[in-house]
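Please read the structure below before turning to the comments.
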Amino acid sequence: LALFGTLTNSNILLNIQCRQSSAGHVLATICSALYALVSLCNGVVTILPVVQDAEDLIRLPPNANYKHILLRTFVMLVCLGAAEGIPHFDKYIALIGATTISLNNFVFPPLFYYWLSLEKGKQLGLGQKTFFAEMIVFGVVCAVAGCYSSVENIIGTSSPTPC
């Protein structure tokens, strides 16, 4: 983004400029197919804990096959309805991602490790404490910058009719 600025699209596949050539078209098609495969696999892995918790919540027996299918179909339809019904859904997902990814990857791991070390009476060296502090500061700065950018994008967009 620093190099190309506003010329960069949010979808990386739209940035491939060689779509006019046959090699570029093949490359873009392969990238799109692989991205679709990753999205499909990621969606299944991500939604599975939610569905399993819902099954436990309504006490579905393990052998109620058609009820499992109905529940999972319902959950996927709710997800589809949210994605299609909320205008500029990608901007809200960017806001959620900006906070959770930064905090879960950079802030919480060193913080929890430090707390667990204190609890067990383990002394951390100055270098390790400094590294943890740098990671936490970096994570907080990234989360704040991502939140600011996402909120700015949400506020700056007009609200069209959903679907």
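For the numbers below, each heavy atom of this structure counts, side chains included, while hydrogens, waters and symmetry mates do not. For the single chain, residues carry numbers from 1 onward in sequence order.
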Rounded at 0.5 Å granularity, tell me how far [atom1] in [X] sits from [atom2] in [Y].
X: L70; Y: N65; atom1: CG; atom2: CG; value: 11.0 Å
X: K91; Y: N153; atom1: NZ; atom2: CG; value: 5.5 Å
X: N63; Y: H68; atom1: CG; atom2: NE2; value: 7.5 Å
X: F106; Y: L111; atom1: CZ; atom2: CG; value: 15.0 Å

Determine the minimum heavy-atom distance between [X] and [Y], stating which atoms define it.
X: I47; Y: C79; answer: CD1-SG, 3.7 Å
X: G146; Y: A98; answer: C-CB, 3.5 Å
X: R72; Y: L48; answer: NH1-CD1, 3.8 Å

Can K67 and E55 be counted as an ion pair, charged N to O under 4.0 angstrom?
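Salt bridge between K67 and E55, a charged N being under 4.0 Å from a carboxylate O: no.
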Verify the cluster assignment for [X] and [Y]: are they in a single hydrophobic cluster under the rule of side-chain heavy atoms below 4.5 Å apart?
X: F108; Y: V140; result: yes
X: V38; Y: I101; result: no
X: L103; Y: F112; result: yes
X: L80; Y: I86; result: no
X: Y92; Y: V151; result: yes

Only pairs under 3.5 Å count here: list side-chain donor-acceptor contacts from residues 115-137, not counting sequence neighbours, and write none if there are none.
unit_1, atom_1, unit_2, atom_2, d
S117, OG, Y113, O, 2.8
K122, NZ, Y113, OH, 2.9
T130, OG1, L126, O, 2.7

Does any N or O in the side chain of T99 come within less than 3.5 Å of the main-chain N or O of I96, such that one atom is a donor and the other an acceptor?
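Such a contact is found between T99 side chain and I96 backbone.
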Can you check whether A145's main-chain N or O pairs, donor with acceptor, with S149's side chain at less than 3.5 Å?
no
Decide yes or no for V107 and S102: does some side-chain heavy atom of the first lie under 4.5 Å from some side-chain heavy atom of the second?
no
Is there a donor in the side chain of N104 and an acceptor in the side chain of T100, or the other way round, less than 3.5 Å apart?
no
Check whether more than 12 heavy atoms from other residues, nucleotides or ligands sit under 6.0 Å from atom OH of Y148, and answer yes or no.
no
